[in-house]
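Okay, so here's the structure we're looking at.
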Amino acid sequence: MANLPENAALRRTLALGPALAIIGIFMLIPVIIMASYSFLEAKSFGGVNWVFSGDAYVQLFYERMLDDSLRLSPGYLIIIGRSVALALVAMVCCLLVGFPVAWFIARQPLRQRNMWILLITIPFWTNQLVRTFAWIIILGRNGVIEVPFRWTGLLAPEQTLGLMYSNFAITVGLTYTFIPLMVLPIYASLEKLDFSLVEAGADLYSSRWETFSNIIIPLSKPGIIAGCLLVFIPSLGAFIQPDLLGGGKNLMLGTLVQFQFSTARNWPFGSAIAMILLAFVVVFLMLYARASRGSKSLEVH
Amino acid sequence: MTRIQPAATVTPLHPAAPTAVERSGGEPAVVLENVCKTYGRGASAVEALRGVSFDIRDNEFFTLLGPSGCGKTTLLRALAGFEHVSGGVIRLFGQDIVDVPTHKRPVNTVFQSYSLFPHMTVSENVAYGLRRLRRPADEIRTTVAEMLQLVKMERFADRLPTQLSGGQQQRVALARALAPHPKVLLLDEPLSALDLKLRQAMRQELKQIQAETAITFIFVTHDQDEALSMSDRIAVMSEGQVQQVGTPTEIYEHPANRFVAGFVGDANFIEAEITSPIGAEVTCRTKGGLDLRANGAKARPGQRSVTLFLRPEKVRLAPKGQGTVDGQVETIQYLGNACLMEIGIGEAAPVLVSERMADVDQPRRAVGDRVGVVFDPRALQVLEE
Amino acid sequence: MVVRDNTIPAVAPRLGEKKRRAFGEVPGLRTLAFCFLAFLYLPIGVLVAYSFNDGNIVMVWTGFSTDWYVKVFGNADIRKAALNSVIVAVSATAIATTCATLAALALARGGAFRGKGATLGIITLPLMVPEIVTAVATLVFFSSIGLNLGLGNVIIAHTTFCIPFAFMPIRARLEGMDTTLEQASRDLYASDWETFRLVTLPLLMPGVLAGAMLSFVISMDDFIITLMVAGAGDTTLPVYIYSMIRQGITPEVNAVSSILLLFSIVMVTAYWFTTRQKPGPNAH
């Protein structure tokens with residue numbers, strides 16, 4: 001339809017205008033401004049001086065001593081490392097639980113399948129903050145898990161299991177919050193999988209494990225990759241879970257960014273960390289685009 | 001029909017031939033004893049197989065024929081191990097395989113939708129079963145090459161299944177299932193997705209491959225032409241039960257009951273009463289009061305009310321007054337090689353008649369023509385109840 | 001031809017007692033699935049249960065009471081925050097859904113044009129950028145241009161990230177729609193505008209409704225972006241709940257959280273039944 005009348009092209013532009021303008025002005029430009037902030041000098045109480053400076057990025061690796069010399073400081077690298085590690089662990093947990101669940105749902109009759117999907121979708125769309133908060137009541141001191149230990153006297157009143165404010169609590173929170181994002185795409189690809197291929201595998205002497213690794217896994221790879229990405233990216237930048245469940249010590253990238261903007265008031269440094277987070281996302285999205293191109297060539301032709 | 005067969009195997013084409021077991025002492029390939037399959041429980045339970053029993057001989061091209069929902073596919077899936085039977089015994093060369101898992105059965109399947117692994121090339125697909133059986137690499141290589149040659153797909157070894165046409169995929173599916181040299185090959189309506197010409201060509205080829213490989217083929221179809229043209233023997237199934245097992249000629253010429261007669265080919269059924277003593281030839285009176293001589297080979301002693309059966313092509317049309325009975329052409333379907341006509345005779349249901357177009361280039365009759373209907377009393381058969 | 005005898009393996013005796021599994025059935029999967037469901041809903045159940053705790057320490061159960069709900073409704077700050085949430089959600093939903101509908105129509109019915117992929121990329125951009133990045137970027141943006149509209153700032157931020165959520169179901173609906181219906185309308189002498197008003201729009205409505213509901217839920221649930229962007233008086237309900245949690249956990253937090261949860265669940269279920277195709281005469 002290259003030769004649409006001119007007014008149709010105009011109409012199209014007008015229709016696309018508002019959405020593009022809003023996202024362009026209030027999303028794209030802010031990210032660009034933030035990127036440039038990361039190369040400016042910090043003002044003492046928030047804001048920036050318009051002077052170019054690489055300090056924000058230097059600060060990630062080095063500590064500036066009193067005599068202005070730089071000393072390698074692992075503090076922020078540890079936070080980056082923790083973010084990546086916890087996001088990976090959460091992703092693996094989601095995969096280990098999510099795949100079998102998705103398989104189970106995909107093998108149910110249609111009516112029950114839809115019911116299951118609804119049941120998994122509902123918590124996902126309910127308030128993340130509130131759902132994470134619920135875990136404080138479960139994991140916390142005197143929480144649901146500790147109660148039986150106290151009743152049986154296994155746990156003295158002054159003792160605690162110490163489940164809260166730990167990397168463990170953060171991982172539970174991340175897994176809990178994002179696991180629907182693992183189940184749904186895997187389910188989508190398993191539902192499309194022709195079950196007679198599994199039968200063909202068994203017919204051709206594959207054991208259960210061989211059928212799983214030679215046929216089911218390769219054919220549901222697009223769903224698995226999408227699920228891993230959908231869990232990993234928000235986990236990496238998570239704020240609520242490390243903030244509520246991790247306590248002050250277990251910072252992740254998300255909480256660090258927020259801290260720099262709200263408490264430390266070092267905007268260039270906060271922007272630099274946000275840029276690093278964004279860089280991670282871009283890299284993973286690019287890897288995903290590549291992987292999904294690869295698997296698409298299997299289907300089309 | 002040129003079939004290369006090992007000397008020990010009996011050609012089971014002659015209806016009177018005793019079974020392979022009796023003759024050669026060889027085991028049948030498959031023995032089914034009272035096989036039952038029920039889906040679901042309670043009120044919603046569906047009986048897919050209700051006590052199926054028959055033997056399939058070694059090196060036989062055996063067809064399970066029946067309408068959809070008759071249980072033929074369930075039976076095939078039970079043989080492959082995709083379904084557990086609810087009762088009965090399935091023996092494969094003497095061994096009960098009911099509890100042998102699919103991947104340990106020396107049986108391979110050609111799936112209706114081919115089910116080629118989309119992420120593997122043609123040769124990887126064909127090699128798949130051999131790899132799982134841990135065959136040596138060079139054996140796999142030669143077998144794959146032979147199989148692809150057998151199905152004439154050598155040139156496509158490195159293609160992905162999605163790059164092949166339906167007919168080509170079908171050949172690969174066949175090669176893949178044959179490569180491990182199964183004891184029995186199961187074919188689940190493999191030709192149904194192909195167009196007519198290709199389907200007809202594949203019939204010949206399948207038959208030839210069966211002869212070359214000397215593997216027992218069990219072929220499931222709802223297409224009577226396929227069954228008649230390829231099979232050594234056919235089991236006609238309906239509603240979870242076997243209606244008749246026999247050679248194509250037995251099935252077509254001497255159907256055991258009304259279902260078989262009606263499902264395989266066109267048929268006229270005439271309700272009548274036997275008015276003579278039971279014998280090779282009996283005299284029957286139709287509801288319309290017509291007295292007819294009929295083939296009474298299958299009539300039971302003392303039986304009076306019977307169904308007579310007559311194939312349309314066994315009827316000849318003669319000028320009015322010169323046939324057994326007179327009638328009027330009511331409809332004509334021109335089929336190219338023949339004309340299928342309905343001839344009205346009095347108040348009875350019209351008789352279906354097929355007239356070949358051997359030496360004419362125009363249909364000989366027109367609607368409204370009055371004709372005489374002629375048939376051999378031996379062709380008018382009393383059906384078993 | 002390599003003919004290798006494929007012998008039948010020795011088989012264990014008939015497994016009489018052992019329950020036979022259907023082909024492809026994996027043991028324990030059903031149990032796992034139900035455990036998973038419990039994992040999803042248990043925290044929600046615990047949260048709601050403790051909201052009926054009589055005592056003022058959440059985790060020490062002293063008795064059943066609905067007092068905390070009374071307290072929530074009596075709390076002027078909560079009412080203010082809830083009102084703010086609704087104002088923001090309604091405004092953002094209205095603007096986002098309108099923009100998203102127009103954009104979806106342009107993309108699905110505007111033919112092919114250069115930059116279509118890029119356009120789609122920009123519209124779905126808010127889905128890809130981590131929330132915390134969006135939050136601080138928006139904060140930086142507003143402060144650098146000195147824009148301070150109070151609740152207006154929050155509405156702008158919410159509208160931005162609601163657009164893709166409204167856009168997706170509308171576009172899905174448009175792509176599932178049979179274009180021959182529109183051709184039929186034109187064939188029957190309807191002008192472009194009449195076709196749009198009488199055929200396209202009515203058929204598109206379920207998609208628009210679904211998009212609106214989705215963006216409403218998303219806006220109501222948003223916390224981190226609002227936290228960074230909102231000024232002191234413009235707190236929304238989630239941000240208020242956050243500050244309550246920070247001050248100490250009382251069943252009042254549970255009560256207000258339960259209300260918010262219930263609201264989301266109702267909205268999502270309604271969304272689900274809106275988007276699901278109505279069972280037609282030949283649906284299975």
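Proteins come first, then strands; the chains are lettered A, B, ... in the order of their sequence lines, and each starts at number 1. We use all heavy atoms of the structure for the numbers below, so side chains are in, but hydrogens, waters and symmetry mates are not. Worth saying up front: this structure is predicted, and the values here are computed from it rather than measured.
- For A:D194, the part sitting under 4.5 Å from any heavy atom of chain B is the side chain, from C-beta outward, and nothing else.
- Heavy atoms only, all atoms of each residue included: A:Y205 and B:P180 are closest at CE1-CB, 3.4 Å.
- Using a 4.5 Å cut-off between heavy atoms, B:F111 touches chain A through its side chain atoms alone.
- Looking at B:L186, neither its backbone nor its side chain comes within 4.5 Å of chain A, counting heavy atoms on both sides.
- Counting only heavy atoms from C-beta outward, the side chains of B:F117 and A:N214 never approach each other to under 4.5 Å.
- Between B:S113 and A:S196 the shortest heavy-atom distance is OG-OG, 3.9 Å.
- Counting heavy atoms from C-beta on, the side chains of B:T109 and A:E199 never come closer than 4.5 Å.
- Counting all heavy atoms, side chain and backbone alike, A:L197 lies closest to B:P118 at CD1-CD, 3.8 Å.
- More than 12 heavy atoms of other residues, nucleotides or ligands shown are found within 6.0 angstrom of CZ on B:R134.
- For the atom pair A:T211 OG1 and B:R132 CZ, the distance stands at 8.5 Å (nearest 0.5 Å).
- Here the closest non-hydrogen pair linking A:L219 and B:H119 is CD2-ND1, 3.4 Å.
- Residues B:H103 and A:S206 share a closest heavy-atom pair of CB-O, 3.0 Å.
- If you measure heavy-atom distances from B:R77 to chain A, the contacts under 4.5 Å come from the side chain alone.
- Using a distance-only test at 3.5 Å, with no hydrogens or angles considered, no donor-acceptor pair links the side chain of A:D203 to the main chain of B:T102.
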